[in-house]
Each structure stands twice: as structure tokens, then as C-alpha cells.
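The structure appears below as C-alpha cells.
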Amino acid sequence: MPFSNKYIQLRIEKANQLKELGYNPYSNHSQRNTTISKYINVNSDVEHLENKRDEKRNYTLSGRIKFFRVMGKASFLKIEDESGMLQVYVSRDNLPEGFYNDVFKKLIEVGDIIEVSGYPFVTNQGELSLHVDTLKLLTKAISPLPEKFHGVTDKEIRYRQRYLDLIMDSEVRKTFQTRSKIISLTRRFFEDKGFLEVETPMMHPIAGGANAKPFVTHHNALGIDRYLRIAPELYLKRLIVGGFEAVFEINRNFRNEGMDATHNPEFTSIEFYWAYKTYKDLIEITKEYFKYLFDHLNLPTLLPYGQMEVDFADFKEIPLITSLFEIGGVPQDIVNDKEKILEFLRANKLEAKPAMSLGQLQGVLFDEFVEEKLINPTFITDYPVDISPLARRNDEHPEITERFELFIAGREIANAFSELNDPVDQLSRFEGQMSAKDAGDDEAHEMDVDFVNALSYGMAPTAGQGIGMDRLVMLLTNEHSIRDVLLFPAMKPIHGEVKENHEEEK
RNA sequence: GUCUCGUUAGCUCAGCUGGUAGAGCACGUCACUUUUAAUGAUGUGGCCGAUGGUUCGAAUCCAUCACGGGACACCA
């Protein structure tokens, strides 16, 4: 039952009284002529003036009331707009007869959005403020705000009612402003390099481009199922076949998997594909990209992340196999021996599946012993071919691929490789994935015949890369949960919020 | 999915080994014309997440469920 709360009832009553007195509690006539941060900048000289005020200046500002201090016939409020917070001084004798006592004190309160006009002055305590001569309610808030000192700390409320979180915490607003800047800088970086931004389908007939479980939806007109995309990769490569030489897409992917501090069912990535380049060129452009972000975000090269400090002047490059013994401390003589790896895993009380290939086992060793130790940016290169179904083989060493993943602060940030463009090899790798699927791997890659067909027309040698934007934003804003960099993270519906949709278990 | 912690007033939180619900902020009333989480006085405000059980008696103990946090698993 909405609005049954007694505090809300009281506030609705106040809104009604305002209406009766001829004041619209939801006025649409804003006369604002500057923002709070501009006001503070422009009037920074006022503290040096005689009487610390300039009555000839006049400004009209708007904002939400965050603090309301009444002291008899005078009051101090703090109002906040997107740009900042400002103290305003309101006194009985500067307002129309009766307004201060009957309207201002009784019917306006914390949470309401008001508009004030007046001149700048500095208080005895030295704070630049606005001396109000006109005050008007723009929007009545009928729900009370949370406690002014602690704000909202309950994460459930913060995520479910993000608007409240944003009202109460300017740091949260700042995180999302930084996120927006990162996306915008990324777009500009690649555009400046001559990349073309494209939009490829979000609904796929075949969920390809990654190994993940898709969300399924249904297209009524065609009577067929569609999959929300798990990656845009195969469509972007079709564009390279078509003759575009540098394309990128920043958009959402959807994966039907668990949720935790680094996984949300929908997440944002950039993927970019660059013809006539190799993964070596991608390493260079990635370093350049990070430098570009750091320069434009004014971030320190030694970036704190939780207890860690990440040195962005120290990009390293190391082959996966080498990292196993040099960083992971795995005995060097076992890393190319399937049986010895299995033995080593068992000795370390880790799951050892004999069905796994050598490459898969090397991947397991990497995940267990190396990944979390990669604090400074590290390009791990030369991935085994059997865990890289879409990457190009190395010409000299066909069992490894021309691929890297970038790790920072113990976490994967990017995945890149020289693209496989041999249509016959691609077909057989898809077939390999199909047998894995038949053997029970429900995340093996789907066969995409049209993609193989596209490759058969010839795709120029190309390098491609994906970067998880949410995790990148986490890194650059020192946030440790993906929910804190998503405005509206996925949450379970609270009971009764959504009609139960009984799905049949597969 | 597993383990674990949590859920008490609009918000932030107390509430011991079971005895009938507390504070601060907010809100109402009063005082106060330079405050800084303003202050002082006073008052209103609760299905103690839901359902069952144990008990003379449950916010408190037990069980199940719901939602959330954290960890693990899964997820390149």
C-alpha cells in the first residue's frame, strides 16, 4: 500500500496546505540562472569585500534541501544541486509578510527542492552563502530522506533504490560520473585511431563468441527462440570480412550465470577488431589506451586498489607457461606433462580431471597459482590452442595461439588475440567444441555455420580484443563490487513484486 | 548451488543467559536573527522480515522460508 506511512501522510498534508495557500508544490517554473559550483567560483572574491557581501549581485539557484537549521527568525539551509552544496540564509524580515512563519517554517522541509534568489555574503564562520530575498518551493518530497549523518548504509536499499543512494551520497554520484567519463574517453580514443563504432545484434539466433550460458527469449512473429548475446565477436569479425578495417562496439553482453562481486548477468564490454594487425600491436595500443585514460582522468601512476598498489608504469609481458613456474612457483619440469600436472594438482588438494587436455590443465594451474599474484599490469601470452577456440595458431608453434590476457590487481581485464581466419581450421575447432558439448560441456561453443561461411570469403589478418568495462571502472574507481559501478545492479525481485513465472526446469 | 552473518521506528543502531520495546536523527509543539550532524524543552511514532514450533510467557530459543552482505563453487 503506497503512501500509508504516517510520515508520508504528514507530508502529503503539507503539500495540500500549500495548494490551498496558492503555492503549487510541483511548480514547473524554474528561474534558475546559475549552478551552485559556478556561484561559488564567481563569488570567491566576496570574502575580501567590505562587510563581506555584495548586495548588488543577484542569483537564482535551485537544489534539494539537505540541512534545515531554524533559529527563531532566521534559518540556515543547505541546498544541493548536481554541481555542489550551498548554504543559504533565510530571515523572516527579508521575506513577504507571514511567509517565513506560515509557509517556510511549517510546510517546507528537508528533501524538498526549492529555488532561492539573493546576494552573496560570507557568514561569521567564514562560509560563502546566499542571502535570500525570494524563496519558492519547486518540488515537494513526500517521502522523508534517510538520516542526514549516516545516510543509507543498507546495501540492499542502496542498490534497489539507487535514486536514494544518489541523493544521499555525492561519492556515489562521483563514481558514476567517472564511469561515464571512462566510457566516453574510450569511445574517443578509438575514434581518434580511425575505428568505426558499430552496433551489432543483441539478439542472436546462435549464442556465439564466448563460452557461456545464454539467456533465451522468444520471437513470436518468427516462432523461434533468440539468445541474448554473450559476445559480439562473431558479428564484428563478419564486418572485417566485409571490408571494414577497424571497428569497435561498446555495449552490453548477457550471461546466464551466477552473480557475485565481479559478475552481473548483464555487463558492458568493448570489443575492437583491427585488420592487418597482430596481438603484438594490441599490446601496444592497450598500453597507449591506459596512458590515455590515466592522463585524462588525472589518475596517479601508482594507483591504490584496496590494500594493493598498482604500478601502471610497469606493464609486463610473459608467456603463460613461463608464468606457471616463474610467478606461480609450479615446478618447471611438470608444466608440459599432463600426468605430472594431474599428480601435482592432487598433491595440492585440487580437483584433477584426467579427461582434461594438457592445455586445459595448464589453464587450471594458471588460475590456481598465478592469476591472483598478477598485481601490476601483466600481459600473459601464448595460450594453449585447446582453450582458445577462436584464436589464431602461432606459425612456429601450432599448439599455442597468438593470444594474451591482461591481468591487473589479480583480475582479468582484457582478452585479445590474432584472429583465426582459416575457415577450415575454424570449422574443425567448432566441431571440436560440438563434441565437447555432446560430452556434457554445456558451455562449449556453438557451431555457427554462417560465420565459417563468412571466413570462407577471406578475412584479412586481424587482431581483436575485448575489455570488461565494469571491471575496468572498478579498478579505476577503487570499487570492489561490480554492483557499485552499475547504476542498477541485478537484484532478486522482492516477494510479490513480480508475478511468479513458473518455468519448467530443463 | 554450499557455508556463514544479518533483517527491530522513515534512517542509523542498542536490546545480556526468555518476563510484554529503547536511543540518536527525522517528524509534531514551544523557545531562539550567523548556524555547521545548530541548540534547549516536550511529544508522537513499532505485525521486532514471514510462517510454524518449544514455553505460563518469544524481538530473544528451535525449524522452515524470503531477501540481503561476505566467502567458496560455477563462470576463461
Side-chain angles (χ1 to χ4, degrees), chain A residues 3-11 13-14 52-53 66-78 85 87-95 100 105-106 109-111 121-127 129 131 141-161 164 167-168 209-213 230-231 255-265 267 320 351 359-360 362-364 366-367 371 380 383-384 386-391 403 405 407 411-415 417 441-445 466 468 480-481 483 489 491-497:
Chain A
F3 307 153
S4 56
N5 177 283
K6 53 193 172 295
Y7 300 102
I8 294 179
Q9 283 300 321
L10 257 170
R11 282 176 170 249
E13 181 49 35
K14 288 180 184 179
K52 300 194 173 186
R53 63 190 59 216
K66 301 300 284 288
F67 295 93
F68 201 122
R69 291 190 277 272
V70 181
M71 289 164 332
K73 299 176 185 65
S75 298
F76 286 93
L77 315 188
K78 290 219 169 161
M85 183 112 78
Q87 175 165 271
V88 305
Y89 173 78
V90 182
S91 69
R92 186 191 67 183
D93 300 339
N94 290 314
L95 292 174
Y100 183 85
K105 268 168 62 175
K106 284 203 161 62
E109 59 206 313
V110 170
F121 80 113
V122 171
T123 64
N124 292 345
Q125 303 297 317
E127 182 166 344
S129 307
H131 203 287
I142 60 169
S143 281
L145 289 184
E147 204 249 4
K148 62 190 167 192
F149 189 59
H150 299 93
V152 199
T153 60
D154 184 331
K155 288 197 172 168
E156 184 167 358
I157 299 178
R158 290 189 44 222
Y159 299 145
R160 286 193 197 276
Q161 296 176 262
L164 248 194
I167 288 172
M168 297 307 294
N211 297 4
K213 291 182 202 123
I230 56 176
R255 297 190 183 176
N256 206 340
E257 286 157 2
M259 295 151 62
D260 62 26
T262 55
H263 297 83
N264 193 69
F267 63 98
L320 184 135
E351 196 184 6
Q360 286 173 321
Q362 289 166 336
V364 172
F366 178 82
D367 292 345
E371 181 166 357
I380 297 291
Y383 276 68
D386 36 338
I387 54 174
S388 313
L390 298 164
R403 172 182 178 191
E405 288 194 359
F407 292 87
R411 211 175 266 159
E412 181 197 336
I413 293 291
N415 181 17
F417 36 86
D441 181 355
D442 56 358
E443 281 164 9
H445 206 287
H480 293 75
S481 170
R483 297 182 201 93
M491 300 288 278
K492 265 198 198 182
I494 51 179
H495 199 66
E497 186 180 72

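Lettering of chains follows the sequences in order, A, B, ..., and the numbering in each one begins at 1.
- Rounded to whole Å, the distance from CG on A:Asp260 to C1' on B:rU2 is 14 Å.
- Put simply, A:Arg483 has a side-chain N or O that comes within less than 4.0 Å of OP1 or OP2 on B:rG70.
- The side chain to side chain contact (heavy atoms under 4.5 Å, CB included) test applied to A:Arg483 returns A:Tyr159, A:Ser481, A:Pro489, not counting sequence neighbours.
- A:Gln360 is linked by a side-chain hydrogen bond (donor to acceptor under 3.5 Å, both in side chains) to A:Ser357, counting only residues two or more places apart in sequence or in another chain.
- Classified by its glycosidic torsion, B:rC47 falls in the syn category, the angle being within 90° of 0.
- A:Glu109 pairs by the salt bridge (charged side-chain N to carboxylate O under 4.0 Å, His left out) definition with A:Arg11, A:Lys14, A:Lys140, not counting sequence neighbours.
- Backbone-only contact: A:Asp154 has heavy atoms under 4.0 Å from sugar-phosphate atoms and none from a base.
- Note: A:Tyr89 and A:His131 have tilted aromatic rings, judged against thresholds of 30 and 60 degrees for the angle between ring planes.
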Could you write out each protein N or O paired with an N or O of nucleotides 29-35 of chain B at a distance under 3.5 Å?
from	atom 1	to	atom 2	distance (Å)
B:rC32	N3	A:Gly72	N	3.0
B:rC32	N4	A:Gly72	N	3.4
B:rU33	OP2	A:Lys73	N	3.1
B:rU33	O2	A:Tyr89	OH	2.8
B:rU33	O4	A:Asp93	OD2	2.1
B:rU34	O2'	A:Asn124	ND2	2.3
B:rU34	O2	A:Asn124	N	3.1
B:rU35	OP2	A:Gln125	NE2	2.4
B:rU35	O2'	A:Arg69	NE	3.4
B:rU35	O2	A:Arg69	NE	2.9
B:rU35	O2	A:Arg69	NH2	3.2
B:rU35	O2	A:Gln87	OE1	3.3
B:rU35	N3	A:Gln87	OE1	2.9
B:rU35	N3	A:Gln87	NE2	3.0
B:rU35	O4	A:Gln87	NE2	2.6
B:rU35	O4	A:Thr123	OG1	2.8

**OP:** Assign a letter to each nucleotide of nucleotides 21-26 of chain B from its 5' end: B, base within under 4.0 Å of a protein heavy atom; S, sugar-phosphate only; -, no contact.
**Re:** ---BBB
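- Taking atom C1' on both B:rU17 and B:rA58, the two are 14 Å apart, rounded to the nearest angstrom.
- Within 4.0 Å of A:Leu10, counting heavy atoms only, lie sugar-phosphate atoms of the nucleic acid but no base atom.
- In terms of phosphate contacts, A:Lys492 brings a side-chain nitrogen or oxygen within less than 4.0 Å of OP1 or OP2 of B:rC67.
- With a 3.5 Å limit on both pairing distances and Watson-Crick or G-U wobble geometry required, the stems of 3 or more pairs in RNA chain B span B:1-7 with B:66-72, B:10-13 with B:22-25, B:27-31 with B:39-43, B:49-53 with B:61-65.
- OP1 or OP2 of B:rU44 has not a single side-chain nitrogen or oxygen of A:Lys6 nearer than 4.0 Å.
- Under 4.0 angstrom from either OP1 or OP2 of B:rC13 there lies at least one side-chain N or O belonging to A:Thr153.
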